[in-house]
Amino acid sequence: MPRYYATTPIFYVNDAPHIGHTYNAVTVDAVTRWHRMLGDDVWSLTGTDEHGLKVQRSAEENGRTPQEQADLNSDRFREAWAGVNLANDDFIRTTEPRHHQAVQALLQKAYDNGFVYQDTYEGWYCVRCEAYYEEDDLLDDHHCPIHKAPAEWMTEENWFFKLSAFQERLEAWFEAVPDNITPGGYRNEAMGILKLGLRDVSMTRSSIDWGIPVPWDDDHVFYVWYDALINYATAVGYADDPERFEAWWPAAHHFIGKDILRFHTIYWPAMLMAAGIEDMPHFHVHGFLLLGGEKMSKSGNVTKIAPSEMTEVLGVDGFRHALLRDHPFGPDSEFSYESMVERYNTDLANNYGNLISRVATVVGKKCDGVGPAPQADSPLAAVVAESYATAAEAWDKVQPSQALDATIRIVRDTNEYLQQNEPWKMDPGPEVDAVMGDAIEAARIATVLLWPTIPEAAEAAWKRLGLDGTVAEQPLPAAADWGGYPGGLTVSTGDPLFPRVKG
RNA sequence: GGCGCCGUAGCUCAGUUGGUGAGAGCGCUCGACUCAUAAUCGAGAGGUCGACAGUUCAAAUCUGUCCGGCGCUACCA
């Protein structure tokens, strides 16, 4: 059984969950749900990044311990993800003991293998940023470009990671694995970074307490990135279950935003290599949601919009669908309230939801409420087969927008098929049965294929069609084969699955 | 400065290795239907595929230049 291990980034606890985070998390959720239907052995991970100066500071400001602060804020992400129906298998926190063990173990390996050394770091340092700057990046008189405050010349003893030692091995990895980073544009970006040449980087801090102690030097904690990235290994047992790690690690897929490309696709693979891990993860990189439209651009930035603002209007499933359908995975794309509502109304209210309604009503009136079996040679059979092939390929390439487009095509063509045959004008009999059997079957398959994005509504539709069991347990590709609907099941009507939303 | 990305109908976007008269959804116009969530279906209008110049029998697709927007070149989480 193929394995598929998918991760979101761990989100920094000081941030509030917003639709940018949500886009990433829902993509991972939908893709992993698709893989579950394929019968793959799936593990999906999300979590929170909880160390670092910012957490330490906001804890002080609020009169809490850093751990208390982290607990509070981590819960916001848990709640947000429950609110969009994420079916993650694990939620990791970097403050957990299992993670401390893994970080110390993995970096100790790097140390033992000779890829860590002590050196003096000198540079212009902004206290408020807690970061060093290159001279060229500072404003006049060595002022910090962000805070406009004077930077100080600092000298610090630090532990360095020998990133430069991995230049060639990283290049070899890129050469050997053409799809190590998708979409391809981001792979080019990463290769560009490589081509410029890699410098060793500092990986510890002695000025902060809120972090994971360096095992060979009590005075230091690891710099946040060297702590955070390792979460992906922690979660599949790097420190405490080597067998489990062996099994899952080769199947790792990291879904990330383009802003963290460098750390993930260059530093992290090098860290793995330094620790003697052979298998490299796959990376799927997306762009930003840009805030357009009227209603929300007034509130400024996409990072100010909580997912709950959208689920209140569109429902959980409606939001999930519109989010993935309208924003191709990879490039930056426009996000607007108006287009989300429009997408919801078009795809889910007018097409999919309405199809379920009209089918149920006509079956009720013309077939005594019992769904007839589909025709083996229905013209819809070919439509479904083609749509499935397109959707399956798109999911495989991590292109949910394309997959959903292909899936909705089934719904559109079924509406067209009904319109052409007008079964509501016919007297009950074989002719009506033939048309309605086909329509139910197409609706059934569309429901299966929509489950990864609209799981709740899909289950509800499944029951209305009178089908047994759950959509979740339907196996692909078999469940998408034409003719799966047996006929003779009671079809029921009900309130609209997706009520129209007024713009 | 260097590297890279983007610029296709009013809007949001598709367009594999260059090849039938350039597409989808939405919006718009007209019509049909009335089973259905004023939903659905059909027809139509609408683009010199950023500009210019090349390569080619043939380019939105390849090359160069230019214009416009953006990213990276940062130990910002």
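Below, read A as the first sequence line, B as the second, and so on, with proteins coming before strands; counting in each chain starts at 1.
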Exercise. How about Pro499(A) and Tyr344(A): do any of their side-chain heavy atoms sit closer than 4.5 Å?
Worked result: yes
Specify the separation, in whole Å, of atom [atom1] of [X] and atom [atom2] of [N].
X         : N      : atom1 : atom2 : value
Tyr344(A) : U12(B) : OH    : P     : 24 Å
Tyr186(A) : C5(B)  : OH    : P     : 12 Å
Asn421(A) : C33(B) : CG    : P     : 16 Å
Glu334(A) : C13(B) : CD    : C1'   : 11 Å
Asp413(A) : U40(B) : CG    : P     : 14 Å
Tyr267(A) : C76(B) : OH    : P     : 7 Å
Asp427(A) : C35(B) : CG    : C1'   : 15 Å
Leu261(A) : G4(B)  : CG    : C1'   : 11 Å

Given [options], the nucleotide with the shortest approach to the side chain of [X]:
X         : options                : answer
Glu416(A) : G15(B), C41(B), A77(B) : C41(B)
Asn350(A) : A39(B), G4(B), C35(B)  : A39(B)
Lys365(A) : A36(B), U40(B), G4(B)  : A36(B)

Is the phosphate of [N] approached by [X] (side-chain N or O, under 4.0 Å from OP1 or OP2)?
X         : N      : answer
Tyr352(A) : U40(B) : no
Trp424(A) : U40(B) : no
Lys425(A) : U34(B) : yes
Asn345(A) : U37(B) : no
Arg358(A) : U37(B) : no

Can you give me the N/O atom pairs linking the protein to nucleotides 22-32 of chain B at distances under 3.5 Å, or say none if there are none?
from	atom 1	to	atom 2	distance (Å)
G25(B)	O3'	Arg412(A)	NH2	3.2
C26(B)	O2'	Glu342(A)	OE1	2.6
C26(B)	O2'	Glu342(A)	OE2	2.5

Work out how far the [atom1] atom of [N] is from that of [M], and round it to whole angstrom.
N      : M      : atom1 : value
U8(B)  : G69(B) : C1'   : 16 Å
G44(B) : U55(B) : P     : 39 Å
G15(B) : U29(B) : C1'   : 27 Å
A32(B) : A51(B) : P     : 41 Å
A43(B) : C26(B) : P     : 14 Å
U63(B) : C72(B) : C1'   : 25 Å
A77(B) : G7(B)  : C1'   : 33 Å
G21(B) : A38(B) : C1'   : 38 Å

Is the gap between the ring centers of [X] and [Y] under 6.0 Å?
X         : Y         : answer
Tyr232(A) : His264(A) : yes
Phe11(A)  : Trp81(A)  : yes
Phe115(A) : Phe166(A) : yes
Trp225(A) : Tyr267(A) : no

With a 4.0 Å cut-off on heavy atoms, is [X] in touch with a base, just the backbone sugar-phosphate, or nothing at all?
X         : value
Ser401(A) : nothing
Asn354(A) : base
Lys54(A)  : sugar-phosphate
Val224(A) : sugar-phosphate
Leu497(A) : base
Phe11(A)  : nothing
Ala349(A) : base
Thr361(A) : sugar-phosphate
Gly353(A) : base

For this session: Please identify each residue that fulfils ring pair (Phe, Tyr, Trp, His ring centres under 6.0 Å) with Phe329(A), with sequence neighbours left out.
Result: His286(A)
Problem set entry | Residues that Asp413(A) engages under salt bridge (charged side-chain N to carboxylate O under 4.0 Å, His left out), provided they are two or more places apart | none
For this session: Please check if atom NZ in Lys162(A) has more than 12 non-hydrogen atoms from other residues, nucleotides or ligands closer than 6.0 Å.
Result: no
Sequence neighbours left out, cut at 3.5 Å: what donor-acceptor pairs do the side chains of residues 382-394 of chain A make with other protein atoms?
from	atom 1	to	atom 2	distance (Å)
Ser387(A)	OG	Val383(A)	O	3.2
Ser387(A)	OG	Ala406(A)	O	3.2
Thr390(A)	OG1	Glu386(A)	O	3.0

Backbone N/O of [Y] and side chain of [X]: donor-acceptor pair under 3.5 Å:
X         : Y         : value
Gln104(A) : Pro213(A) : yes
His284(A) : Pro183(A) : no
Asn345(A) : Arg500(A) : no

Exercise. Starting at the 5' end of RNA chain B, which residue's closest nucleotide do you reach first, Asp332(A) or Val362(A)?
Worked result: Asp332(A)
Seminar exercise, completed: 5'-most contact on RNA chain B (nearest-nucleotide basis), Pro496(A) vs Ser333(A), goes to Ser333(A)
Exercise. In what stems does RNA chain B take part, counting only runs of at least 3 consecutive Watson-Crick or G-U pairs whose two distances fall under 3.5 Å?
Worked result: B:1-7 with B:67-73, B:10-13 with B:23-26, B:28-32 with B:40-44, B:50-54 with B:62-66
Problem set entry | Listed once per pair and sorted, the side-chain hydrogen bond (donor to acceptor under 3.5 Å, both in side chains) pairs that draw on residues 424-446 of chain A, sequence neighbours left out | Gln375(A)-Asp438(A), Ser378(A)-Asp438(A), Tyr417(A)-Asp438(A), Glu422(A)-Lys425(A), Glu441(A)-Arg444(A)
